[in-house]
Amino acid sequence: MFDVAFRHQQALDPSALTTIPTTIHAIEKAIEDCRHAGLDANSDPAIVLLARHLASICATRPDDTVLRGTCTDRIAALRRFPPLLALAVRGVAYDAVAKERFHIDGRKALRRLAAALDLSAKDYDLHSLPSEVSMAGEIVLHTRAIHLELTIGRLREGRELLYRRAGTTRDPAGPRNHYAPMREVIAPDRLAARIRRDLDLATLPALPVLLSA
């Protein structure tokens, strides 16, 4: 059995633990020590004392009614200003967590846009292209009729969504690219109407479903 005295010393004198994060970190380390020593963390006296110290720190914060109201307000604010908008502003370069969040939320946003375009899941191919660590990469939704590409970064600020017709075109230069800002991406019904108009989707012939590779 391997045990250390440090967590007990912290529990007896937690005066250095003055914030919620530092106290939680101390509790996490104490739980880890118990696991290494083969002890039950639920009954370890040091962990119980540290948890009570955390409760004493929290006791100086506003009461539950105020905190619940603040949580409700923040949920409403996040719905008005979802993470994709924040990520489009701050970027994700070299931030693996933010980059993962962009690809998760971006795929969801493109699925909602596909639904607004009356596309079912079998009608399109959706995939992420992570790119190098210094870049956000792209999220691509493709059918035989249209191509959507979502990315963020300084070069595409305010033009985060690229959309164009796919396949053949009469223009020798190829299909024309159109762009939309992230704030429109999170309003899929309105953006879908714009995409239909810009790409003249009413004139597209019936095409077979694209099969994912």
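The one candidate from Val89, Asp105, Ile152 that meets the side chain to side chain contact (heavy atoms under 4.5 Å, CB included) condition with Leu84 is Asp105. A side chain to side chain contact (heavy atoms under 4.5 Å, CB included) with Arg164 is found for exactly one of Asn177, Leu148, Ile146, Ile195, namely Asn177.
Between Glu138 and Arg156 there is no salt bridge, since none of the side-chain N atoms of the basic residue sits less than 4.0 Å from a carboxylate O of the acidic one. For the pair Arg154 and Glu157, the salt-bridge criterion is not met [side-chain N within less than 4.0 Å of a carboxylate O]. Ion pair Asp64/Arg68 not flagged as a salt bridge, since none of the NZ, NE, NH1 or NH2 atoms sits closer than 4.0 Å to an Asp/Glu carboxylate oxygen.
More than 12 heavy atoms of other shown residues, nucleotides or ligands fall within 6.0 angstrom of atom CZ in Arg194. Environment of CZ in Arg74: sparse, with no more than 12 heavy atoms of neighbouring residues, nucleotides or ligands closer than 6.0 Å. Taking a 6.0 Å sphere around CZ of Arg183, one finds it holds 12 or fewer heavy atoms contributed by other residues, nucleotides or ligands. The environment of CZ in Arg159 is crowded: more than 12 heavy-atom neighbours from other residues, nucleotides or ligands sit within 6.0 Å. Counting heavy atoms of neighbouring residues, nucleotides and ligands inside a 6.0 Å radius, atom NE2 of His25 does not exceed 12 of them.
Here the side chain of Thr143 pairs a donor or acceptor atom with the backbone of Ala145 at under 3.5 angstrom. Using a distance-only test at 3.5 Å, with no hydrogens or angles considered, a donor-acceptor pair links the side chain of Arg165 to the main chain of Leu199. Under the 3.5 Å distance criterion, the side-chain polar atoms of His103 are matched with a main-chain donor or acceptor of Ala136. The main-chain N or O of Glu160 is never found under 3.5 Å from a side-chain atom of Thr151 such that the two would form a donor-acceptor pair. No donor-acceptor distance shorter than 3.5 angstrom exists from the side chain of Lys99 to the backbone of Tyr94, with no hydrogens or angles considered. A donor-acceptor distance shorter than 3.5 angstrom exists from the side chain of Arg61 to the backbone of Ile57, with no hydrogens or angles considered.
Taking the six-membered ring where the residue is Trp, His178 and Tyr163 present parallel rings, their angle staying beneath 30° rather than reaching 60°.
Between Arg111 and Tyr124 the shortest side-chain heavy-atom distance falls below 4.5 Å. In this structure the side chain of Arg107 never reaches within 4.5 angstrom of the side chain of Leu150, judged on heavy atoms. The closest side-chain heavy-atom distance from Leu161 to Leu113 is below 4.5 Å. For the pair His147 and Leu162, the minimum side-chain heavy-atom distance is below 4.5 Å. For the pair Arg196 and Asp118, the minimum side-chain heavy-atom distance is below 4.5 Å. Taking the side chain as every heavy atom from C-beta outward, Asp33 and Asp44 never approach each other to under 4.5 Å. You'll find the side chain of Thr72 stays beyond 4.5 Å of the side chain of Ile75, heavy atoms only.
In terms of heavy atoms, His142 sits closest to Ala166 at CE1-CB, 3.7 Å.
For Ala98, the side-chain contact (heavy atoms from CB on, under 4.5 Å) test picks out Leu87, Arg90, Val92, Asp95, with sequence neighbours left out.
Judged by distance alone, the side chains of Asp123 and Ser120 do bring a donor and an acceptor atom under 3.5 Å apart.
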